[in-house]
Amino acid sequence: MPSESFRDIIYTADQEGHRKWVYAIKPHGRLYNLRTLVSVFYLIIFFTLPFLKLHGEPLFLLNIPERRFILFGFIFWPQDFFLFAMAMLTFLVFIIFFTVIYGRVFCGWACPQTVFMEMVFRRIEYWIEGSAEQQKKLNKQPWAGGKIYKKSLKHIVFFAVSFLIGNTFLAYIIGVDELFVIVREPIAAHAGLLIAMLGFSAAFYAVFAFLREMVCLFVCPYGRLQGVLLDKHSIVVGYDYKRGEPRGHLKHGKVEENNGDCIDCHLCVKVCPTGIDIRNGTQLECVNCTACIDACDSVMEKIHKPKGLIRYASENNIASGEKLQFTPRMKAYSFVLIALLGLLSFLMVTRTDVQATITRVQGQLYQKPDSLHISNLYNIKLTNKTRKDLPVHLQLEDIDGDIKLIGDDILVKGESLNETTFFLTLSRNDLDKMKMEIDIAVYSGDEKIKTVETTFFGPPK
Ligand code: SF4
Ligand code: SF4
C-alpha cells in the first residue's frame with residue numbers, strides 16, 4: 001500500500017493554509033456521458049416537480065413555516081409528524097445501508113451539490129473561460145478588457161442560474177401558485193419572501209462560484225460520516241495498485257518491463273474536482289464523481305492496456321481479488337431497513353384523511369334528562385386533512401340512542417380543525433354497567449370515515 005503521509009495534507013490548501021484553486025480538466029468518457037444523461041433527467045425533475053399537481057394539489061410541497069408537507073400527493077399535517085419522522089428515519093437508514101455497500105455513489109451521481117457544480121456551473125465556466133489551462137492563465141492576467149468581460153459574464157450567468165434555483169427552491173416551500181402571486185404583485189407586499197428568495201439565490205451563488213469542493217470537504221455531514229460507514233467491502237472508486245505499481249513514465253512510447261500499468265501521467269489528478277490523487281487510496285475528499293476512471297481509461301486505451309486501472313471496486317477486491325461479500329453489518333442494516341419500511345407502509349396505508357377524537361367533557365359524569373334516560377356530554381375534535389369541506393354526521397354503532405349536537409350541523413372546512421359538543425342519550429334499560437364502551441361512527445355523506453371508541457357513564461347498578 002502507498003505511504004499514508006498524504007493524509008497529513010489538504011490538497012486544496014498550501015503550507016500557509018491559503019486556498020489552492022482547483023482547475024479541473026473537463027472529463028470525457030463513458031461514465032461522464034452517462035452522468036450527463038442522469039443529470040439532465042435529474043434537473044428536469046428538480047425544475048418541474050413544483051409545477052406538477054394531483055387533484056389540484058401540488059405533488060410535492062415542503063412548507064416548513066406553515067408545517068404543511070405534501071410528498072407525492074400525500075398531505076402531511078403536524079398531527080402526522082411521526083409519519084414524516086418515520087419516513088425521514090427510513091430514508092436515513094437507506095442512505096447508511098446504501099453507503100455501506102456502494103460507498104459514495106450518491107455523491108457522484110445524485111447529490112445536488114455535485115450535479116449542479118459539475119454539470120451546470122463548471123460547464124458554464126468551460127464555456128465562458130475555456131479549458132482548465134485557459135482558466136489558470138486568465139486568472140494570472142491583469143484586470144483588463146478580456147478578463148473583465150469574461151469574469152463579469154460568468155458571474156452574471158452564475159447569479160442568474162442561482163436565482164432560478166433560489167426561485168425553484170422557494171416554490172418547493174410555498175408552492176408555485178403562491179410564487180406567481182408574489183412575482184405579479186408589488187414588491188412591497190411580499191418584502192419578507194423576496195428577501196428570503198434573494199438570500200437563497202445569494203447562498204447558491206456563493207456555494208457554486210466560490211465555496212465549491214469546500215462544501216463536500218468541510219460542510220457536508222454525509223461526507224464526514226464516510227470514515228465510519230465505509231469498510232474494506234464497500235464499493236468505492238479505487239486505484240488498482242497491484243496492477244499499477246511500480247508506476248513509471250513511458251520509455252520510447254512503451255511501459256518499461258518491470259513497471260506496473262500506471263505511467264504517472266497525472267491525468268487522474270488533473271480531472272479531479274477535489275484535487276486529490278486517488279492513487280494514494282480511499283480518501284474523504286473523493287466524491288466518487290468517476291472523472292478519474294474515464295481519464296485513466298482513455299490513457300489505458302492509448303497505451304494498449306486493459307481499462308479499469310481505476311475503477312469501482314472494494315479494497316478487498318483490489319487487494320485479494322475477492323468478490324463483493326454480504327457482511328454481517330450489511331445484513332443487520334438490511335434487517336433494520338426492511339422493518340422500518342414495513343412499519344412505514346403500514347402507517348401510510350392505515351392513515352386517514354380525516355382524524356376524529358371523542359372525549360367526555362371533564363367534570364360532567366352523567367345527566368338524567370328524565371326517569372327513563374341517561375345522557376353524557378362529549379367533545380368531538382375533527383381534523384380535515386383534505387382541501388374539500390366535509391359535512392359530518394355521527395351515528396351510534398351496536399346500540400340505540402340519540403345524538404344531539406349543541407349548535408349547527410358539523411361542517412369541517414378543508415385543511416382545518418373543528419370542535420363540537422354533543423349529548424348522547426341512552427335508555428337506562430340498555431345500561432348494563434356503570435361504565436360502558438361504546439362505538440360512534442363518523443360519516444361524511446354515506447361514507448363512514450372512521451369509528452371512534454369512547455366510554456359512557458351511568459348511575460351505579
Ligand atoms: S491516469 Fe492512470 S496512468 Fe495516469 S497517473 Fe492516473 S492512474 Fe496512472
Ligand atoms: S478521486 Fe476520482 S472519483 Fe474521487 S473525486 Fe477525484 S476524480 Fe472524482
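Counting convention: from 1, in listed order, for ligands and their atoms alike. The chain is numbered in sequence order, starting from 1.
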Item to check | Test salt bridge (Lys or Arg N to Asp or Glu O under 4.0 Å) applied to E125 and K154, K26, K150, the passing residue | outcome: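 So, applying the salt bridge (Lys or Arg N to Asp or Glu O under 4.0 Å) to E125 and each of K154, K26, K150, only K154 qualifies.
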
Which of the atoms in ligand 2, numbered in the order shown and given with their element, are less than 4.0 Å from a heavy-atom of [X]?
{"X": "V287", "result": "4 (Fe), 5 (S)"}
{"X": "T290", "result": "3 (S), 8 (Fe)"}
{"X": "C292", "result": "1 (S), 2 (Fe), 3 (S), 7 (S)"}

Checklist entry - Which bit of I310 gets closer than 4.0 Å to ligand 1, counting heavy atoms only: side chain, backbone, both or neither? => result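 I310 to ligand 1: side-chain contact only, backbone stays beyond 4.0 Å.
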
Checklist entry - How does H266 reach ligand 1, if at all, at less than 4.0 Å between non-hydrogen atoms: by side chain, backbone, both, or neither? => result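 Backbone only.
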
Item to check | Criterion salt bridge (charged side-chain N to carboxylate O under 4.0 Å, His left out) on K20 and D14, from CA distance to verdict | outcome: CA-CA 6 Å; K20 277 203 275 181; D14 64 17; over 6 Å; no

Checklist entry - Taking only heavy atoms of C268, which atoms of ligand 1 are found under 4.0 Å from at least one of them? => result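 The list of qualifying atoms is 1 (S), 5 (S), 6 (Fe), 7 (S).
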
Item to check | SB check E213 R19 (cutoff 4.0 Å) | outcome: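 R19 and E213: salt-bridged.
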
Checklist entry - Would you say C296 has an N, O or S atom lying under 2.8 Å from atom 8 (Fe) of ligand 1? => result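 No - counting backbone and side chain alike, C296 has no N, O or S atom under 2.8 Å.
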
Checklist entry - What about F200 and F169, are their ring centers closer than 6.0 Å? => result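 Ring centroids of F200 and F169 are less than 6.0 Å from each other.
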
For [atom], the protein heavy atom that lies nearest, with its residue and separation:
{"atom": "atom 6 (Fe) of ligand 2", "answer": "C272 SG, 2.3 Å"}
{"atom": "atom 8 (Fe) of ligand 1", "answer": "C262 SG, 2.3 Å"}
{"atom": "atom 4 (Fe) of ligand 1", "answer": "C265 SG, 2.3 Å"}
{"atom": "atom 3 (S) of ligand 1", "answer": "I263 N, 3.5 Å"}

Checklist entry - Which of these, T114, D294, V115, sits in a side chain to side chain contact (heavy atoms under 4.5 Å, CB included) with R35? => result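 Only one option passes, and that is T114.
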
Checklist entry - Does ligand 2 have any atom that is closer than 4.0 Å to a heavy atom of N288? => result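 A heavy atom of N288 does come that close to ligand 2.
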
Item to check | Within 6.0 Å of CZ in F47, more than 12 heavy atoms from elsewhere | outcome: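 Above 12, so yes.
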
Checklist entry - How does I276 reach ligand 2, if at all, at less than 4.0 Å between non-hydrogen atoms: by side chain, backbone, both, or neither? => result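 I276 to ligand 2: side-chain contact only, backbone stays beyond 4.0 Å.
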
Item to check | Trace of the side chain to side chain donor-acceptor pair (under 3.5 Å) decision for Y23 with N139 | outcome: CA-CA 11 Å; Y23 296 96; N139 279 0; 2.7 Å; yes

Next on the checklist: Taking 2.8 Å as the cut-off, does C286 contribute an N, O or S atom near atom 6 (Fe) of ligand 2, distance below it?
Outcome noted: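 It does not; every qualifying atom lies at 2.8 Å or beyond.
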
Item to check | N418 and S416 side chains, donor-acceptor separation under 3.5 Å | outcome: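 The answer is no; no qualifying pair exists.
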
Checklist entry - Step by step, would you call I95 with Y222 a side chain to side chain contact (heavy atoms under 4.5 Å, CB included)? => result CA-CA 9 Å; I95 294 273; Y222 180 61; 3.3 Å; yes

